[in-house]
Amino acid sequence: MSGEPKIGVWVCECGGNIGDYVDVQRVVEAIRPEVAYARRERYLCSKPSIENIKRTVQRLGLNRVVLACCTPKMHRETFASNLEEVGLNRALLEMVNIREQCSWVHKDDPEGATRKALDLIRGGIERARVSRPLEAKRAKSIPEVLIIGGGVAGITASLRLAEYGLRVHLVEKRPSIGGHMIQYPKVFPTLDCSQCILTPKMASVSNNPNIHLITYAEVVEVSGVPGEFHVKVRLKPRGVDPEKCIGCGTCSRVCPVEVPSEYNMGLGPRKAAYIPFPQAVPSVYTIDFEACTRCGKCVEACPRDAINLDDEERILELDVGAIILATGFELYDANDLPRYGYGRYPQVVTSLEMERILDVNGPTGGQLINPRTGKEFRRVAYILCAGSRDTENGKPYCSRVCCLYALKQAQLLLDRGVEVWIHYIDIRTPGRRYEEFYLETQRKGALFVKGKVVELIPEGDRIVVRGEDMMLNRMVENPVDLVVLCPPVIVTDETHKLAEMLRIPVDEDGFILERHPKLDPVATKRDGVFACGMVLGPKDIQTTTAEAEAAAMKAVNFLSAERLIEPNKAYLINPDLCDGCGECVEACPEAAISIADGKAVINEMLCSGCGACIPACPRGALDQQGLSEEQLKAQIRGILERSEAEVKILAFVEMEVAYTAVDLAGLARLEYPSSIRIIPLPSMSRLKLEHILYAFAHGADGVMLLEAPEHEGPYGKAHVISEERADDYRWELEDHGVDSFRLWYSRVYVPDWRKLKKVFTTFHDMIADEGPLDEEIRIQLREELD
Amino acid sequence: MPLGSGETLRLGEKLKPFRERVKELSGEDVGLCYQCGACSSGCPLTDEMDLLPSTVMRMVQLGVEEVLDSKTIWICSSCFTCQVRCPRGIDVANVMEALRQLVLRRKYDRVSIDLLPPEELRELPQIALVSCQRKLTG
Ligand SMILES: Cc1cc2nc3c(=O)[nH]c(=O)nc-3n(C[C@H](O)[C@H](O)[C@H](O)COP(=O)(O)OP(=O)(O)OC[C@H]3O[C@@H](n4cnc5c(N)ncnc54)[C@H](O)[C@@H]3O)c2cc1C
Ligand code: SF4
Ligand code: SF4
Ligand code: SF4
């Protein structure tokens with residue numbers, strides 16, 4: 001139906017909003033000879049009008065429609081879906097904004113507004129003439145999700161997705177799931193038993209038929225695209241056949257090798273044949289081959305013949321549609337905070353070690369004994385912000401949970417008669433029930449000293465904490481039996497490697513970067529990849545759980561929503577021209593292009609449609625759906641060629657942010673010169689020098705590029721690249737005889753709409769002062785370009 | 001040791017009995033104080049004090065007995081502004097009273113009304129006299 005173009009044009013008066021300033025009748029008369037049908041409407045968006053358009057399209061067999069009315073942000077969708085009902089492909093509908101960007105901003109200049117409306121509509125008509133129908137493709141999604149990390153975040157997300165009915169593959173690097181939470185005896189702010197609330201959830205994971213639990217394993221490769229990821233998982237040799245093992249523990253009893261237990265933070269031993277803790281899930285023993293001497297005792301003892309000391313690693317391949325990263329945190333290495341004497345003084349422990357000491361099943365059986373010295377402790381000092389909130393030694397951010405877990409541990413100790421001192425710089429207890437928890441800790445008798453501690457001095461069996469009491473403005477020395485350090489929580493290098501594999505960025509602090517820190521906090525920058533828990537930043541269990549639920553929902557949405565691949569992609573229009581130079585590969589902000597068999601291949605799933613690659617191709621082999629070279633030039637020509645305006649300025653405006661600001665200027669009825677004519681683009685990096693020259697050749701006296709802000713635009717780096725390109729273009733314009741001042745580049749923030757009046761007026765005045773571009777240069781340019 | 005001394009304070013077990021004693025006498029849990037300063041900011045007599053009420057609270061919290069040498073506890077007129085305002089619900093004036101009690105129990109007379117010349121007695125505000133009586137004869 002695209003065939004020979006048969007164009008229908010409707011021009012709306014919008015009551016008087018357009019009609020009072022633009023002579024709509026004159027415009028309609030002017031274009032009537034150029035198209036199959038042209039008509040003026042009082043209210044184009046009214047139901048009768050829309051029905052009328054549909055009937056006319058059918059009656060006359062129109063195959064292109066141009067609607068000149070308000071901003072397309074307002075009604076484009078309504079018009080497009082209505083026209084689809086009568087068989088008009090949405091790519092063949094052209095919207096021309098003659099209200100926000102014309103009548104409303106040129107109220108004092110009806111003649112200028114009328115000329116401008118005519119020009120803009122001609123731009124739309126010429127563009128429509130060369131438009132092609134486009135179909136959005138349906139993206140395929142595999143209805144399975146990979147979750148990496150089996151802490152409370154990964155466990156919660158797995159259960160939620162399995163409940164929904166999706167198949168989940170949960171990969172945990174350790175022999176059991178549970179994460180850090182399973183190491184805590186009690187959790188703030190309710191002081192409920194951590195293991196009691198988590199163990200049932202761990203059991204549900206192992207019992208759920210929708211969850212494929214893969215422990216003692218790590219993800220080693222991720223390829224494919226969102227919706228269809230291919231993942232390789234390395235299964236570490238476990239030495240025990242999980243199908244046969246009944247968890248009786250005979251192997252562990254006979255095993256003669258002891259090594260420090262990770263679960264107990266190295267404070268107690270475990271065997272080389274071990275289960276990390278009794279409630280481990282899966283309830284399967286593991287042979288630690290790094291420690292194992294291959295004595296064979298366990299093999300002999302196992303009643304089920306489950307042990308194989310020659311076990312080897314295997315690679316498991318998975319195909320999944322979405323991925324959730326939930327690999328959590330570790331504590332910053334306290335050895336790297338030398339002033340706190342960790343590793344040097346046995347009286348100094350970390351907060352995680354303290355969690356284990358407080359556990360009845362911990363290395364001391366819950367007795368208040370320092371496992372490093374074997375001595376009882378009666379006075380304990382906490383050092384908060386031991387490396388957090390420190391730009392020089394440690395990490396600049398607040399670790400957010402230390403204040404609260406210190407309060408928690410303090411309560412547990414105070415309940416047992418231990419004197420607790422908390423050395424802090426600020427006590428931060430934002431969050432539900434947390435201030436009350438702080439108060440309760442004070443009630444139980446904890447003592448607080450404000451002042452950052454940076455010095456510990458051993459004194460006999462004790463250790464003296466030296467710091468300031470900033471309230472009394474006096475130095476204090478606090479002799480205690482045990483010092484508990486609260487170091488920063490950090491994301492591991494291992495997770496950073498995973499992030500690289502998943503092609504998702506991390507932030508300046510090493511946490512996974514959210515798609516939007518406020519409005520899209522559990523999505524990553526990559527489609528189909530989500531994250532939750534500590535890996536996104538310091539947080540408590542409650543927030544971790546909430547994020548896990550959210551991430552599960554995001555994954556469900558991603559996999560079940562009918563995802564359309566928008567027909568706005570770059571593509572190789574002329575494969576013969578492409579010589580595989582790779583310039584486009586460099587330019588693409590989405591890493592969507594690769595070179596295969598000497599030709600550029602653009603991955604449609606990854607391409608965002610920013611258009612940055614097209615100007616990068618030195619041989620002009622690329623084009624874009626819905627915004628073809630032909631369409632762009634037709635529109636430029638349409639707007640400028642027959643314009644009767646005295647000064648003609650073509651403004652390319654970034655489609656989302658900057659365009660919205662220009663619309664807002666219209667809404668506020670700011671007045672600016674009617675010389676400004678706007679063409680929206682996804683990003684200014686879509687523009688070739690050729691387009692700018694083309695505009696000058698066909699009548700422009702000045703060209704403006706109004707780009708989105710660097711970080712707020714929808715196309716990421718594309719909005720950055722364009723600035724460098726514009727700088728280059730300015731030089732090159734001079735080579736073609738066009739003064740560089742005739743090209744303007746600036747960024748527009750939404751709240752900056754007020755400034756647009758000044759921006760437009762300044763540029764207009766400058767161009768008007770300098771006068772129109774020399775006609776000879778135009779002729780020369782036209783010759784060059786044809 | 002003089003008040004406001006720069007000398008390093010040792011937070012050992014030695015400080016505990018004093019802390020406990022004040023708690024017992026005042027019935028107030030000074031440990032709840034989070035040093036916001038509200039008591040000081042409402043107090044009408046801070047200009048005359050050597051320690052601000054919140055500093056007194058801090059010293060008690062830590063168990064620093066020298067707080068008993070401070071003028072503040074005597075200047076305190078028991079107007080109760082602090083205790084109406086304390087966001088942690090501590091009756092600060094009760095703590096002041098407990099501190100005075102601790103001093104008085106040393107049986108050391110500071111002011112005897114009988115010895116005050118009548119002219120001066122006439123000049124002194126009544127409230128000061130009343131509180132003086134209350135404080136100094138307990
Ligand atoms: C000392 C201390 C006490 C705390 N106490 C409390 C409390 O009382 N209440 C509270 O609300 N919060 C508390 N927190 C915070 C709480 O620990 C976190 O909010 C919570 O553990 C975050 O869960 P997570 O699943 O994101 O991370 P984690 O618990 O760290 O779990 C991550 C999981 O991923 C696995 N993993 C890591 N890397 C990989 C990999 N490459 N491949 C596969 N698997 C991987 C890990 O083995 C682990 O099982 C405390 C924190 C600390 C440090
Ligand atoms: S949570 Fe408290 S202790 Fe931890 S970094 Fe933040 S302010 Fe410091
Ligand atoms: S540069 Fe932009 S338009 Fe080109 S392939 Fe990459 S994302 Fe798509
Ligand atoms: S008002 Fe209460 S909490 Fe605040 S400093 Fe005084 S005693 Fe402490």
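Every chain is numbered from 1 and lettered A, B, ... according to where its sequence line falls, protein lines coming before strand lines. Keep in mind that the numbers below use all heavy atoms, side chains included, and drop hydrogens, waters and symmetry copies. Source: prediction; values computed, not measured.
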Just how far is it from atom [atom1] of [X] to atom [atom2] of [Y], taken to the nearest 0.5 Å?
X	Y	atom1	atom2	answer
B:Leu62	A:Arg474	CG	CZ	9.0 Å
A:Asp469	B:Thr8	CG	OG1	11.5 Å
B:Gln35	A:Leu472	CD	CG	7.5 Å
A:Met471	B:Thr55	CE	OG1	10.0 Å

Only pairs at least two apart or in different chains count here, so list each salt bridge (Lys or Arg N to Asp or Glu O under 4.0 Å) that has a residue in residues 122-131 of chain B.
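Sorted pair list comes back empty.
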Counting only heavy atoms not in A:Glu436, do more than 12 sit closer than 6.0 Å to its CD atom?
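Yes.
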Residues in residues 24-31 of chain B that sit under 4.5 Å from chain A, counting heavy atoms only:
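Hits under 4.5 Å: B:Asp29, B:Gly31.
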side-chain contact (heavy atoms from CB on, under 4.5 Å), paired with B:Leu11, selected from A:Val480, A:Val449, A:Leu447, A:Val464
A:Val449
What residue in B:Arg19, B:Arg58, B:Glu13 has the most heavy-atom pairs under 4.5 Å with chain A?
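Ranked by heavy-atom pairs under 4.5 Å with chain A, first place is B:Arg58.
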Taking side-chain hydrogen bond (donor to acceptor under 3.5 Å, both in side chains) as the cut-off, I'd like each qualifying pair that reaches into residues 342-351 of chain A, sequence neighbours left out, listed once.
A:Tyr342-A:Glu353, A:Tyr342-A:Arg372, A:Ser351-A:Tyr405
Just so I understand: if I count every heavy-atom pair under 4.5 Å between each of A:Glu435, A:Glu468, A:Arg378 and chain B, which residue has the most?
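Looking at each of A:Glu435, A:Glu468, A:Arg378 in turn, A:Glu435 comes out on top.
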Just jot down the salt bridge (charged side-chain N to carboxylate O under 4.0 Å, His left out) partners of B:Glu20, sequence neighbours excluded, or say none.
none
Is it the backbone or the side chain of A:Glu419 that comes under 4.5 Å from a heavy atom of chain B, or both, or neither?
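Contact with chain B: side chain only.
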Is there a side-chain contact between A:Gln442 and B:Arg88 in this structure, where contact means two heavy atoms from C-beta onward sitting under 4.5 Å apart?
yes
